[in-house]
Amino acid sequence: MTDEPHNHTSRRTFLRGTAAAGAGLMATAAHAQTADPLITEVQDYASGFGDPVDAAPYGTPISHEAHVVRRNVEWLTESPVSSINFTPIHALEGTITPQGCAFERHHSGAIDMTKQDYRLMINGLVDTPLVFTFEDLMRFPRHITTAFCECAANGGMEWGGAQLEGCQFTQGMIHNMEYTGVMLRDLLAEAGVQTAGKWVYVEGHDASSNGRSIPLEKALDDVMVAFFANGEALRKEHGYPVRLVVPGWEGNMWVKWIRRIGVYDQAVQSREETSKYTDLMPDGRARKWTWVMDAKSVITSPSPQAPIRHGAGPLVVTGLAWSGNGAITRVDVSTDGGNTWAPARISGDAKPKALTRFHYDMNWDGSEMFILSRAVDETGYVQPTKQALRDIRGTNNVYHNNSIQVWWVRADGEVENVEIA
Amino acid sequence: MSKSLKLVLASAVLTTFVAPALAEPLGLGRPALTEEIEAWDIAVLPDGTGLPVGSGDVETGEEVFGSYCASCHGDFAEGLDSWPVLAGGNGSLTDPRPVKTIGSYWPYLSTVFDYVHRSMPFGGAQTLTADDTYAITAFLLYSNGIVEDDFVLTQENFTTIVMPNVDGFYEDDRPQTEYPLFTGEPCMENCLKTDPQVTKRAVDLKVTPTDEDGKPAGTLPVLVADSGGAAVTPAAKAAAAEAPADVVAEAPPEAAAQPEVVVPATADPVLIAAGETVFKKCMACHKVGEGAKNAVGPTLNGIVGDAAGVVAGFNYSKPLLAMAEDGLVWDDAALHAFLENPRSFMKGTKMAFAGLKSEQERAAVIAYLASFGG
């Protein structure tokens with residue numbers, strides 16, 4: 001080290017005295033072309049110590065990111081134990097959703113369950129009804145899959161018209177995690193599914209139990225009984241210690257704290273698959289078993305909670321796309337309300353049934369824009385407009401609103417949720 | 001290892017065409033006992049599979065419903081506040097505001113029995129007997145005009161009941177009716193006939209949660225101040241000022257804005273904070289704090305140490321009024337006893353809550369309630 005140790009103390013004392021003045025100057029520094037004191041003056045953090053190791057044995061986000069949290073809309077539900085909140089997707093990047101800010105949906109609260117107390121039963125039309133402990137599950141061949149989990153009601157408040165101001169609130173009932181667990185088909189094989197078995201019914205340990213019927217074909221395909229998400233144990237609110245992962249299908253079927261898998265020759269017709277999660281159509285009848293989440297995309301920034309603050313010039317438009325029918329192959333962006341479209345870049349991997357990140361790099365001239373995105377998946381399905389869906393489904397559908405989200409970017413950079421025609 | 005994995009995968013592929021999975025069993029798990037299956041497999045199916053032995057009549061159902069369900073669903077299953085409406089709504093499914101009830105929407109009666117039996121009453125699931133459940137189900141049929149008032153529902157006649165909307169559902173037809181319309185090369189240029197105009201603005205509705213500055217909640221903070229103004233949002237500033245951040249995140253904004261709240265000198269802020277979390281289990285029915293009103297349950301301001309049954313305007317149950325008459329005071333011991341097992345402490349209470357088994361949780365929630373006076 002060749003640093004001179006000369007008059008260090010007096011230099012730091014001097015700097016401390018001018019720190020306040022420096023902060024005040026900062027505001028105009030960029031435009032005034034005066035030297036930036038953040039660069040020219042030695043900052044405390046560049047001179048002293050930061051936190052020691054173990055300051056947070058299991059870290060939490062830095063306090064400056066305190067605004068990046070799940071948020072709920074209180075008037076939506078009568079009770080917070082049977083409610084939902086929203087992922088702050090306007091503030092996140094990449095594709096993986098951290099568990100700590102991934103939306104929660106509980107029907108009777110997030111329960112406190114230990115691995116020691118955990119039991120999973122398989123019964124019904126099987127050769128040998130079985131009970132597994134958590135440790136038993138850990139001894140089956142392990143698999144990894146990345147999948148989005150989207151509530152069937154994501155965007156549901158928007159059927160009747162633009163309602164909520166923010167990407168988090170209009171599209172935030174979604175998260176995307178990398179799960180580790182065992183395949184449901186391996187557990188079913190252990191019990192021996194009888195030929196009469198056509199459905200599995202999955203239910204949780206919590207008071208709601210949130211039971212759902214899944215056709216055997218799907219259960220034997222890609223459904224996972226997961227215990228890790230993003231490399232760590234599932235968080236309590238995501239079903240610790242064990243949840244079901246049903247790639248591409250509506251979040252309600254991803255039963256948390258799963259306790260029983262019953263094999264049946266028919267659907268159970270539980271509350272969650274009859275009175276709820278059925279899609280009322282204009283003729284008064286309803287679609288049932290609408291499990292797949294169709295292709296969708298949304299620009300996460302700019303958006304109402306992520307306005308443009310830097311003025312005209314280079315602008316990064318970023319967003320998410322996903323499809324329950326496979327991989328995203330393309331995302332187009334329009335800045336003129338859908339008259340002209342240009343392909344965005346798919347950044348990173350486009351995994352099937354997982355969130356895919358797209359970026360669109362543009363030069364904003366500072367004028368108003370209607371900005372929107374449109375996903376295309378590997379089946380060739382093109383994300384429709386809201387009007388196209390309404391023409392078929394009316395406005396009482398509640399679920400499965402996968403239509404194009406329109407943001408109105410104002411000249412001052414503020415962004416509104418609007419509908420256009 | 002890879003060999004067996006391939007085997008598993010191969011059998012999985014086969015199964016979709018032939019028979020269910022036949023991978024090599026690993027010998028994990030143990031056989032489920034009959035009594036274990038009986039305890040957990042309580043599913044009731046449309047064909048009557050899973051129905052327990054029992055029966056219940058409309059009149060009994062009305063009584064049981066009044067005790068366990070009416071506090072949220074109303075005496076006539078009409079639904080209080082935003083709690084589910086269970087009766088009525090016939091013919092409304094094509095209306096702009098359809099009312100989806102058991103009578104107007106639910107296709108199968110088994111769903112009613114199954115759900116009530118396993119998940120109701122809210123906060124006290126799996127406490128209803130089979131007979132109570134038959135009775136409640138009978139009452140719900142009656143309140144929907146499906147049976148007469150002398151009807152008795154049993155496991156024998158259960159499947160003879162046909163729900164009005166049984167034919168109101170059809171299997172997902174998006175692959176046939178929608179996918180062809182939305183598949184193909186999309187338009188890239190000159191796609192609109194007219195210039196787009198704004199037809200709806202979310203800001204007009206003002207139903208989005210906001211930050212202190214009126215912006216949508218969670219709006220990203222300003223990174224570069226351009227006029228010497230604040231460079232961070234109030235929320236971020238508050239968080240930065242007080243560490244650790246998670247304490248700030250959990251504290252309700254009212255707590256900071258209410259200096260008049262009387263916190264006993266011995267109050268433990270950590271315990272109170274823990275109690276606030278526990279109280280989320282109670283919030284469905286009870287309100288506290290400034291402006292709290294009676295809801296399904298009475299407001300709880302000043303409850304700790306207060307005489308029982310004195311909240312103005314609340315319609316208490318008979319057993320509570322009787323115990324109040326006998327001088328019940330909500331001191332620490334009484335609250336502990338009541339909260340541990342409401343129905344054993346007060347037979348016939350309207351509070352449909354299973355109770356807080358953990359002494360720690362009870363102590364925390366009592367400390368939290370005490371912070372609202374009392």
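Keep in mind that the numbers below use all heavy atoms, side chains included, and drop hydrogens, waters and symmetry copies.
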Item to check | B/Tyr105 and A/Leu280: CA distance, side-chain angles, deciding distance, side-chain contact (heavy atoms from CB on, under 4.5 Å) verdict | outcome: CA-CA 10 Å; B/Tyr105 194 64; A/Leu280 189 55; 4.0 Å; yes

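- Of the charged side-chain nitrogens involved, at least one lies within less than 4.0 Å of a carboxylate oxygen, so that B/Asp173 and A/Arg287 count as a salt-bridged pair.
- Counting non-hydrogen atoms of neighbouring residues, nucleotides and ligands closer than 6.0 angstrom, the CD atom of A/Glu74 reaches no more than 12 such neighbours.
- Counting heavy-atom pairs under 4.5 Å between each of A/Asp377, A/Asp294, A/Thr340, A/Val68 and chain B puts A/Asp294 at the top.
- For the pair B/Val203 and A/Glu414, the minimum side-chain heavy-atom distance is 4.5 Å or more.
- Contact count versus chain B (heavy atoms, under 4.5 Å) is highest, among A/Ser334, A/Ala342, A/Gly211, A/Ser209, for A/Ser209.
- Among all heavy-atom pairs drawn from A/Glu165 and B/Pro216, the shortest one is O-CB, 3.3 Å.
- The parts of B/Trp40 that come within reach of chain A are both its backbone and its side chain, each placing non-hydrogen atoms under 4.5 angstrom from that chain.
- To the nearest 0.5 Å, atoms CD (A/Glu272) and OG (B/Ser119) are separated by 8.0 Å.
- For A/Arg393, the part sitting under 4.5 Å from any heavy atom of chain B is the side chain, from C-beta outward, and nothing else.
- Looking at A/Val126, neither its backbone nor its side chain comes within 4.5 Å of chain B, counting heavy atoms on both sides.
- For B/Tyr108, the part lying under 4.5 angstrom from a heavy atom of chain A is the side chain only.
- In this structure, no portion of B/Ile102 lies under 4.5 Å from any heavy atom of chain A.
- For A/Trp289, the parts sitting under 4.5 Å from any heavy atom of chain B are the backbone and the side chain alike.
- Here the side chains of A/Trp341 and B/Pro186 are not in contact, with every heavy-atom distance at 4.5 Å or above.
- Interface check for chain A: of the options B/Arg118, B/Glu171, B/Arg174, the most heavy-atom pairs under 4.5 Å are formed by B/Arg174.
- To the nearest 0.5 angstrom, A/Gln168 atom CD is 9.5 Å from B/Thr219 atom OG1.
- Once rounded to the nearest 0.5 Å, the distance linking CZ of A/Arg271 with OH of B/Tyr115 reads 3.5 Å.
- If you measure heavy-atom distances from A/Tyr381 to chain B, the contacts under 4.5 Å come from both the backbone and the side chain.
- Here B/Val198 is the residue among B/Asp114, B/Val198, B/Asp195 with the most heavy-atom pairs under 4.5 Å with chain A.
- Side-chain atoms of A/Val73 and B/Pro209, non-hydrogen and from C-beta on, do get closer than 4.5 Å to each other.
- Looking at A/Ala388, both its backbone and its side chain come within 4.5 Å of chain B, counting heavy atoms on both sides.
- Per-residue heavy-atom pair counts under 4.5 Å with chain A were compared for B/Ala43, B/Pro107, B/Cys187, and the maximum is reached by B/Cys187.
- Taking each heavy atom of B/Pro196 and A/Phe370 in turn, the nearest pair found is O-CE1, 3.7 Å.
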Checklist entry - Passes side-chain contact (heavy atoms from CB on, under 4.5 Å), A/Ile392 versus B/Leu181? Steps please. => result CA-CA 11 Å; A/Ile392 300 167; B/Leu181 297 175; 3.8 Å; yes

Next on the checklist: Show, in sequence, the C-alpha distance, side-chain angles and deciding distance for B/Asn190 and A/Asn339, and conclude whether the side-chain contact (heavy atoms from CB on, under 4.5 Å) test is met.
Outcome noted: CA-CA 5 Å; B/Asn190 301 315; A/Asn339 194 44; 4.3 Å; yes

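- The greatest number of non-hydrogen atom pairs below 4.5 Å with chain A, out of B/Gly124, B/Ser110, B/Gly123, B/Gly27, is found for B/Gly27.
- Ranked by heavy-atom pairs shorter than 4.5 Å toward chain A, the options B/Gly184, B/Cys72, B/Gly91, B/Pro180 are led by B/Gly184.
- Contact record, A/Asp332 with B/Met188: OD2-SD, 3.7 Å, taken as the closest heavy-atom pair.
- Using a 4.5 Å heavy-atom cutoff, the side chains of B/Thr94 and A/Asp283 are not in contact.
- Your options are A/Ser108, A/Gly161, A/Ala286, A/Gly337, and the one with the most heavy-atom pairs under 4.5 Å with chain B is A/Ala286.
- Only the backbone of B/Val44 comes within contact range of chain A, with heavy atoms under 4.5 Å apart.
- With rounding to the nearest 0.5 Å, the separation of CD in B/Glu36 from CZ in A/Arg260 is 13.0 Å.
- Both the backbone and the side chain of A/Phe140 have a heavy atom closer than 4.5 Å to some heavy atom of chain B.
- Neither the backbone nor the side chain of B/Asp204 comes within contact range of chain A; no heavy atom of the residue lies under 4.5 Å from a heavy atom of that chain.
- Atoms CG and CD, from B/Leu28 and A/Glu190 in turn, are 5.5 Å apart once rounded to the nearest 0.5 Å.
- Top candidate by heavy-atom pairs under 4.5 Å with chain B, chosen from A/Thr77, A/Val292, A/Leu120, is A/Val292.
- By the 4.5 Å heavy-atom criterion applied to side chains, B/Leu26 and A/Pro141 are counted as neighbours.
- Using a 4.5 Å cut-off between heavy atoms, A/Pro80 contacts chain B through its side chain alone, with no backbone atom that close.
- To the nearest 0.5 Å, the span separating CD on B/Glu361 from CG on A/Asp112 amounts to 8.0 Å.
- When side chains are defined from C-beta on, A/Thr379 does not count as touching B/Tyr179, because their heavy atoms never get closer than 4.5 Å.
- A/Leu389 has its side chain within reach of B/Phe182: a pair of non-hydrogen atoms, C-beta onward, lies under 4.5 Å apart.
- Residues A/Glu78 and B/Asp81 approach most closely at OE1-CB, 3.6 Å, considering heavy atoms.
- The most heavy-atom pairs under 4.5 Å with chain B, out of A/Asp206, A/Val382, A/Val406, A/Asn72, come from A/Val382.
- A salt bridge links A/Arg330 to B/Glu185: one of the charged nitrogens lies within less than 4.0 Å of a carboxylate oxygen.
- Both the backbone and the side chain of A/Asn417 come within contact range of chain B, each with at least one heavy atom under 4.5 Å from a heavy atom of that chain.
- Within the 4.5 angstrom heavy-atom criterion, no atom of A/Thr395 approaches chain B.
- Using a 4.5 Å cut-off between heavy atoms, B/Pro96 touches chain A through its backbone atoms (N, CA, C, O) alone.
- Nearest heavy-atom pair, B/Pro221 versus A/Arg309, reported as atom, atom and distance to 0.1 Å: O-NH1, 3.3 Å.
- For the set B/Lys100, B/Arg97, B/Glu178, the entry with the most heavy-atom pairs within less than 4.5 Å of chain A is B/Glu178.
- Both the backbone and the side chain of A/Arg259 come within less than 4.5 Å of a heavy atom in chain B.
- Taking the side chain as every heavy atom from C-beta outward, B/Lys200 and A/Glu158 never approach each other to under 4.5 Å.
- At a 4.5 Å heavy-atom cutoff, the contact between A/Gln269 and chain B is made by backbone and side-chain atoms alike.
- Neither the backbone nor the side chain of A/His310 comes within less than 4.5 Å of any heavy atom in chain B.
- When each of A/Gly394, A/Gly284, A/Ser275 is checked for heavy-atom pairs under 4.5 Å with chain B, A/Ser275 comes out on top.
- Nearest heavy-atom pair across A/Tyr264 and B/Asp41 is OH-OD1, 3.3 Å.
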